[in-house]
Amino acid sequence: MLLIDLARTSAAVAADSARLAKIGHLAELLGRVKPDEAEIAIAYLSGELPQRQIGVGWASLKDLPQPRLAATATLHQVDDLLSRIKAQAGPGSQSARKTMVTELFASLTGPEQTFLSRLLRGELRQGALDGVMIEAIAKASGVPSAEVRRALTLRGWLPAVGAAALGGGVEALRAFRLEVGRPVSPMLAQSATSVTAALERLDGPAAIEWKIDGVRIQVHRSGDTVSVFTRTLDDITRQVPEVVEAIGALPSRDLVLDGEVIALREDGRPAPFQVTSGRVASRTDVDSARRTTPLSMFFFDALRVDGADLLDLPGAERQAALAANVPAELVTPRLVTDEATAGETFFADAVRSGHEGVVVKSLHSPYAAGRRGAGWIKVKPRHTLDLVVLAAEWGSGRREGWLSNLHLGARDPETGGFVMLGKTFKGLTDELLTWQTERFLALADGPTDSWTVTVRPELVVEIAFDGVQRSSRYPGGMALRFARVLRYRPDKTPDQADTVDTVRALMI
DNA sequence: TTCCGACAGTGGGGTCGCAAT
DNA sequence: ATTGCGACCCCACTATCGGAA
């Protein structure tokens, strides 16, 4: 199969807004792909690469060569070249990559260049990724989509699952099992504004657990071999020796656990997320990193214990297996209750202890990996500030033509000016985008370039956020975490906006 | 007919390691 | 020595489609 076939299908998928039509286009292509090309086709058309990443990003794709007129590149040719690009290493590798990318693109037509460039930048923008591809695979192979999802949960890599479905149907999919040492797709959580609201949704007693502000880990143990994976199934075993040792010391020699790893301060309170993140990312001198910033771990689920797969069991039973096989100090603190007041108290305690909040979990739901099922619901406290819009950036994609991304400032009583604390594009409806674009253009004042419009600091906007972090990027030395717009405050003037001192007091 | 679950898109701040400058 | 880049860690929110109710 040729790359142009995929490029054409992708363009057709993008052109139709109806999901069923997208599924139709994708299924049609999957119907004519050869078995040995299926993984590549599924990966590309769901926005992924068989190589996962190849060290090429937007900067390497800035100026592409002239396109050719004849489309001849096959999927295998492109895939081989991407593998060779990925394999470059050491001094000179970056320019070697760039040369190879240029050569590759010089052999492609315009539509192929557009498709591959978007794919490599991780911006396919065809309105179809894994979720739609699952349905397309189901349609093309005549298999229920639930079977595809189940296999994806266990295998964690859709191209492999899709190729199996196309080649061997339901039987091939049912052959996928939880394999110790190979990560499964992690279960994710929805969110609610309060424990009370979360409990109402679950109806009946539920487990409420601390939400630890660290890095998600999935730990596999088979005999003496321990492997640790992140939420995106990256292998970080070498970076977290504490986890390897702790798991290696347990009596059970066959385990798959789900949990969180975090750096705690000496007083036992959590270090800022930045500290944990930096520690987990450290690869070159793990020993010294470990001495200065030791990691602790909290497990909250057991997917396999001593030969028994637990994914399909109710939450309460998996929890019992966890408690029976992992010492209490390694288990996330939890409370089982159906009383809202008890739950809210537990939540308040978690937050007072420095944690992110809680996750409310159904006692009945299976480990529904990869789907944001209603089984887990996270609850976090929300801070708000009234800040001033300093500038706005033009949006892209469906936000093209709208001023989208806001620069936010807090009032500085010392100077009478404003100190930028970060940006946000979240929480804006199309109506609000239209309104603010018009308003900002009327307020435009100061340096303006092709993507930023500076405005007179006159608009006050109420911003929700999760916390204040240390920042080397912004002049105040702090930045908001997960900032989003709640509403504009036309009733407020900039001199009534919150001050940098208020923000500083919130920094941990 | 209305409601709501699932998905994709649109970007946010931070860190590390490496190659280039 | 510093900077730019890629890859990841954490993520919230709205619009939309289409099946469920």
Side-chain angles (χ1 to χ4, degrees), chain A residues 13-14 16-23 46-47 52-60 62 86 88-98 120-135 149 188-191 213-217 230-234 236 239 260-262 272-285 289 356 370-374 378 380 382 393 395-400 402 404-408 421-433 464-474 478-486:
Chain A
V13 168
D16 273 313
S17 66
R19 271 208 288 272
L20 292 176
K22 293 177 190 288
I23 291 166
S46 55
R52 246 187 106 122
Q53 83 288 339
I54 60 167
V56 171
W58 63 273
S60 319
K62 259 188 298 205
K86 180 186 171 86
Q88 299 301 310
S93 61
Q94 223 168 78
S95 54
R97 280 210 178 100
K98 179 115 199 201
L120 293 180
R121 282 186 318 226
E123 295 176 349
L124 208 47
R125 298 189 196 195
Q126 58 177 18
L129 295 169
D130 267 18
V132 174
M133 181 57 86
I134 285 170
E135 300 296 332
R149 286 181 191 283
L188 304 174
Q190 299 183 334
S191 52
D213 190 13
V215 171
R216 181 88 175 260
I217 51 168
T230 64
R231 194 170 91 96
T232 53
L233 312 187
D234 247 37
I236 54 163
Q239 286 113 286
E260 196 89 6
V261 70
I262 185 173
F273 174 74
Q274 289 153 297
V275 174
T276 296
S277 171
R279 166 59 216 276
V280 171
S282 295
R283 282 162 281 162
T284 49
D285 190 357
E356 225 189 334
R371 278 206 122 171
R372 285 184 191 272
K378 61 183 160 184
K380 297 193 278 187
R382 196 187 70 178
E393 295 172 17
S396 63
R398 79 178 294 284
R399 289 199 177 186
E400 189 146 0
W402 277 323
S404 169
N405 201 2
L406 309 180
H407 295 198
L408 305 168
L421 292 174
K423 310 178 189 178
T424 187
F425 57 91
K426 294 172 182 164
L428 298 165
T429 60
D430 289 358
E431 194 186 354
L432 213 43
L433 286 163
F465 61 101
D466 277 23
V468 181
Q469 339 175 59
R470 259 174 223 297
S471 171
S472 56
R473 176 181 314 211
Y474 292 111
M478 44 193 184
L480 302 183
R481 190 170 181 206
F482 308 144
R484 60 267 192 191
V485 172
L486 289 182

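Quick note on labels: first sequence line is chain A, next is B, and so on, each numbered from 1. Computed from a predicted structure; not experimentally measured.
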How would you label the contact of A/Asp430 with the nucleic acid (heavy atoms, under 4.0 Å): base, sugar-phosphate, or nothing?
sugar-phosphate

Check this for me: does any side-chain nitrogen of one of A/Arg149 and A/Glu135 sit under 4.0 Å from a carboxylate oxygen of the other?
yes

Quick one: label A/Ser17 by what it contacts on the DNA or RNA (base, sugar-phosphate, nothing), any heavy atom closer than 4.0 Å.
sugar-phosphate

Does the pair A/Asp430 and A/Arg399 meet the rule for a salt bridge (charged side-chain N to carboxylate O under 4.0 Å, His left out), with working shown?
CA-CA 9 Å; A/Asp430 289 358; A/Arg399 289 199 177 186; over 6 Å; no

Looking across every strand, which nucleic acid part, if any, lies under 4.0 Å from A/Thr424 by heavy atom: base, sugar-phosphate, or nothing?
nothing

Select base, sugar-phosphate, or nothing to describe what A/Arg279 touches, counting heavy atoms under 4.0 Å on all strands.
nothing

Reckon A/Arg19 touches a base, only the sugar-phosphate, or nothing at all at heavy-atom distances under 4.0 Å?
base

Counting any heavy atom closer than 4.0 Å, what does A/Leu421 reach on the DNA or RNA strands: base, sugar-phosphate only, or nothing?
nothing

Please report the shortest heavy-atom distance between A/Arg97 and A/Ile54, naming the atom on each side.
NE-O, 3.2 Å

Determine the contact category for A/Glu123: base if any of its heavy atoms lies under 4.0 Å from a base atom, sugar-phosphate if only primed atoms, P, OP1 or OP2 are that close, otherwise nothing.
nothing

How far apart are the C-alpha atoms of A/Lys380 and A/Glu356, what are their side-chain angles, what is the distance that settles it, and do they pass the salt bridge (charged side-chain N to carboxylate O under 4.0 Å, His left out) test?
CA-CA 6 Å; A/Lys380 297 193 278 187; A/Glu356 225 189 334; 3.4 Å; yes

C/dC9 OP1/OP2 closer than 4.0 Å to side-chain N/O of A/Gln274:
no

Any base atoms under 4.0 Å from A/Thr276, or only sugar-phosphate, or nothing? Heavy atoms, all strands.
nothing

From the set B/dG14, B/dA20, B/dT10, return the single nucleotide nearest to any side-chain atom of A/Gln94.
B/dA20

Any donor-acceptor pair under 3.5 Å linking the side chain of A/Gln274 with the backbone of A/Arg470?
yes

Residue A/Ser282, side-chain heavy atoms: nucleotide from B/dG17, C/dC10, C/dG19 that is nearest:
B/dG17

Does the ring of A/Phe273 carry A/Arg481 above it, NZ/CZ under 6.0 angstrom from centre and within 45° of its axis?
yes

Map A/Arg283 and A/Ile134 onto DNA chain B by nearest heavy atom, then report which one ends up closer to the 5' terminus.
A/Ile134

Watson-Crick or G-U wobble mate for B/dC7, both contacts under 3.5 Å
none

As a test of reading the structure: which of B/dA8, C/dC8, C/dC5 is closest to the side chain of A/Leu129, going by heavy atoms?
B/dA8

What's A/Val56 touching, base or sugar-phosphate or nothing? Going by heavy atoms closer than 4.0 Å.
sugar-phosphate

Under 4.0 Å between any heavy atoms, over every strand shown, what does A/Ala483 touch: base, sugar-phosphate, or nothing? Just pick one.
nothing

Out of C/dC10, B/dT15, C/dC11, minimum distance to the side chain of A/Ser277 belongs to B/dT15

Answer yes or no: does a side-chain N or O of A/Ser404 lie under 4.0 Å from OP1 or OP2 of B/dG11?
yes

The residue, A/Gln126 or A/Thr284, whose nearest nucleotide of DNA chain B is more 5′ is A/Gln126

At under 4.0 Å between heavy atoms, what does A/Ala128 touch on the DNA or RNA strands: base, sugar-phosphate, or nothing?
sugar-phosphate

Looking for any heavy atom pair under 4.0 Å, which part of the strands does A/Lys380 touch: base, sugar-phosphate only, or nothing?
sugar-phosphate

Can you tell which of C/dA7, B/dT10, B/dG17 lies closest to the side chain of A/Arg125?
B/dT10

Quick check for you: among B/dG12, B/dG13, C/dG6, whose closest atom lies nearest to any side-chain atom of A/Glu393?
B/dG12

Using a 4.0 Å heavy-atom cut-off, does A/Val280 contact any base of the nucleic acid, only the sugar-phosphate backbone, or nothing at all?
nothing

Take the protein atom CG of A/Asp213 and the nucleotide atom C1' of C/dC9, then report the distance between them rounded to whole Å.
11 Å

